[in-house]
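One structure is given here, and the rest of the page talks about it.
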Number of protein chains: 2
Amino acid sequence: MATDLTKETLDEVVNQRRRQQRSLDTRERILQAAFEEFAERGFEGASTRTVAAKAGVQHPLVTYHFKNKEGLWRAVVSTTSFNFGQHFQVQLADISEKDEVARLRLLQEQFIRFAAANPNFHWLMSHEGKRESDRLTWLVEERVKTYFDVVAKLIREAQKRGRYVEGDPYHLQYLFIGAVTRIFMLNAEVQQVMGRSPFSKKFVDEHVKTCCALFFREPPEKPRRR
Amino acid sequence: MATDLTKETLDEVVNQRRRQQRSLDTRERILQAAFEEFAERGFEGASTRTVAAKAGVQHPLVTYHFKNKEGLWRAVVSTTSFNFGQHFQVQLADISEKDEVARLRLLQEQFIRFAAANPNFHWLMSHEGKRESDRLTWLVEERVKTYFDVVAKLIREAQKRGRYVEGDPYHLQYLFIGAVTRIFMLNAEVQQVMGRSPFSKKFVDEHVKTCCALFFREPPEKPRRR
DNA sequence: GTCTATATTATGATAGAC
DNA sequence: GTCTATCATAATATAGAC
């Protein structure tokens, strides 16, 4: 079949592929710009025209690719949530299923490093948690609960072994997430109050240590060796 | 002089007072509505027309009483910051200047109870900490720094006595504030994830205990009595 | 797939009557 | 002090040309 293609139809195919590629690029650039815009201003505060301008495309293209503002928001949440999940999978695979404390510690450390690298992700989520909405219900059912449940299970195991602070695991997760993320989310204020950026490697390493030290406990005293 | 007043002028005085009172009421209602609106949507997301509608007044009255949107925002921050400060003064006066650990503990507990009662206050502040602006600079210089400095001093004293976790006091304050406030700020999400409200008296009491337990340390072992 | 043009609605701000 | 009327601007969304 391919050998039957005339010069004209070959050109058409090439053109079509170029167009498809450009379309994908456009979609990707809108998505990236929308992520920043939604994180910065929340769903209602965000402007799809500003998104288009940031992405360097005409504003009707937003509607073309994502139907409407809500479709754009859902696409942003889906891709960023996927990235969030991916961030843990790789390293977590190296650790034995049975060592729950080690898994939890790695998970929490990775969470902190993800928060440092993606403060916008936490703004995106936080904006929706303020008040009830269809978007919040969707977010909780599809994304938040699954993550919370996984971590809660690990926290319970760690608590059994005396390696994590006491308390309701869901409650403790809100404390942990708040303690970890706020300093990155309020980075402009932090810069003015502390005179340094919370994003430097040195600071992030300190932050990992300090946050983990707050929630993890040293192993209970073993009978003395020797 | 007062005895010279005719019936007409008396009526005028009464009317004027009524008008002044009504004006103050209007101002107050706009202020309250604006607090909710700014907390919910941030400065740029907030609409002065929505504020007027919530307050039940015509929208030009916003301009009359506060000049413009920024003037309204400043008035909101000033009054709510004043309330925040007032919240500590009363009980703090009862504690000796010298017992820094007790002062710090009371301050932190009062902070938690204030956060539970006024989640909007923390939203109002958080919106501005995201990115640089004249409003942020004003906020940090006029309100944030003074509070942070007072608490940092107490934290250093408590650390000297081994009664507070180690680390930079400003850094630790961001951890503490984040841990404390997030669960109240995301109350709609919390309700869906945990199936209960973070605002119940029982929950707030638990929260006070859990948060303080994370940051305060028990006194170092004294030589055993008896 | 992309872009011009436009319908509709909402915003911040102000002028002027009462 | 309050309210009606209005201006200039910017928003979401869509129709239709290319």
Side-chain angles (χ1 to χ4, degrees), chain A residues 11-76 127 133-135, chain B residues 11-76 127 133-135:
Chain A
D11 280 358
E12 264 176 36
V13 167
V14 167
N15 269 331
Q16 205 181 334
R17 292 219 176 130
R18 276 206 195 112
R19 278 168 158 242
Q20 283 168 355
Q21 187 51 50
R22 192 179 164 198
S23 175
L24 285 175
D25 284 354
T26 300
R27 206 190 125 92
E28 198 52 43
R29 289 169 60 190
I30 292 173
L31 217 45
Q32 182 57 41
F35 178 32
E36 289 169 24
E37 180 73 0
F38 282 128
E40 185 117 339
R41 305 189 194 281
F43 180 81
E44 276 142 343
S47 151
T48 58
R49 289 176 108 98
T50 305
V51 168
K54 271 191 192 175
V57 303
Q58 299 294 322
H59 62 265
L61 284 177
V62 173
T63 313
Y64 174 76
H65 283 285
F66 300 96
K67 189 180 170 194
N68 57 23
K69 198 177 177 181
E70 175 132 354
L72 179 57
W73 180 85
R74 282 181 131 81
V76 166
H127 284 306
S133 73
D134 291 348
R135 292 190 304 279
Chain B
D11 280 358
E12 263 177 36
V13 167
V14 167
N15 269 331
Q16 204 182 336
R17 292 218 176 130
R18 277 207 194 112
R19 278 167 159 246
Q20 284 169 354
Q21 186 52 49
R22 191 177 166 200
S23 174
L24 285 176
D25 285 354
T26 300
R27 206 189 125 92
E28 198 52 43
R29 290 168 60 191
I30 293 173
L31 217 45
Q32 182 57 38
F35 177 32
E36 289 169 25
E37 179 74 0
F38 282 128
E40 185 116 339
R41 306 189 194 281
F43 181 80
E44 276 143 340
S47 150
T48 58
R49 288 175 109 99
T50 305
V51 168
K54 271 191 192 176
V57 303
Q58 299 295 322
H59 62 265
L61 285 177
V62 173
T63 314
Y64 174 76
H65 282 285
F66 300 97
K67 189 181 171 194
N68 57 24
K69 196 178 177 181
E70 176 133 353
L72 179 58
W73 180 85
R74 282 181 132 83
V76 166
H127 284 307
S133 72
D134 292 348
R135 292 189 304 279

Take the protein atom [atom1] of [X] and the nucleotide atom [atom2] of [N], then report the distance between them rounded to whole Å.
X: A/Arg41; N: D/dA11; atom1: CZ; atom2: C1'; result: 13 Å
X: B/Lys69; N: C/dA10; atom1: NZ; atom2: C1'; result: 12 Å
X: A/Arg29; N: C/dT2; atom1: CZ; atom2: C1'; result: 13 Å
X: B/His65; N: D/dT2; atom1: NE2; atom2: C1'; result: 9 Å
X: A/His59; N: C/dT4; atom1: NE2; atom2: P; result: 10 Å
X: B/Arg49; N: D/dC7; atom1: CZ; atom2: C1'; result: 11 Å
X: A/Asn68; N: C/dT9; atom1: CG; atom2: P; result: 18 Å
X: A/Leu61; N: D/dA13; atom1: CG; atom2: C1'; result: 14 Å

Could you check whether B/Ala46 gets within reach of a base, just the sugar-phosphate, or nothing at all, counting any heavy atom under 4.0 Å?
sugar-phosphate
(message) Contact between A/Phe66 and A/Arg74 at the side-chain level, heavy atoms closer than 4.5 Å - yes or no?
(response) no
For this session: Compare all side-chain heavy atoms of A/Glu28 with those of A/Gln32 and state whether any distance is below 4.5 angstrom.
Result: no
Check [X] against [Y] and note the closest heavy-atom contact, atom names and distance.
X: B/Ala46; Y: B/Arg41; result: N-CB, 3.8 Å
X: A/Arg29; Y: A/Ala55; result: NH2-O, 2.6 Å
X: B/Ala75; Y: B/Leu31; result: CB-CD1, 3.7 Å

Is there a side-chain contact between [X] and the phosphate of [N], meaning an N or O under 4.0 Å from OP1 or OP2?
X: B/Thr50; N: C/dT11; result: yes
X: B/Thr26; N: D/dT2; result: yes
X: A/Thr63; N: D/dA13; result: no
X: B/Ser47; N: C/dG12; result: yes

For this session: Using atom types as modelled and distance alone, determine if a side-chain donor or acceptor of B/Glu37 lies under 3.5 Å from a backbone N or O of B/Ser47.
Result: yes
From the candidates D/dG1, D/dA13, C/dT4, the one with an atom nearest any side-chain atom of B/Ser23 is D/dG1
Winner on side-chain proximity to B/Thr48, out of C/dT2, C/dG12, D/dT4, is C/dG12
Over 60° means perpendicular and under 30° means parallel, so classify the ring planes of B/Phe38 and B/Phe43, tilted if in between.
-> parallel
Paired runs of 3 or more consecutive Watson-Crick or G-U pairs involving DNA chain C, with both pairing distances under 3.5 Å, are C:1-18 with D:1-18
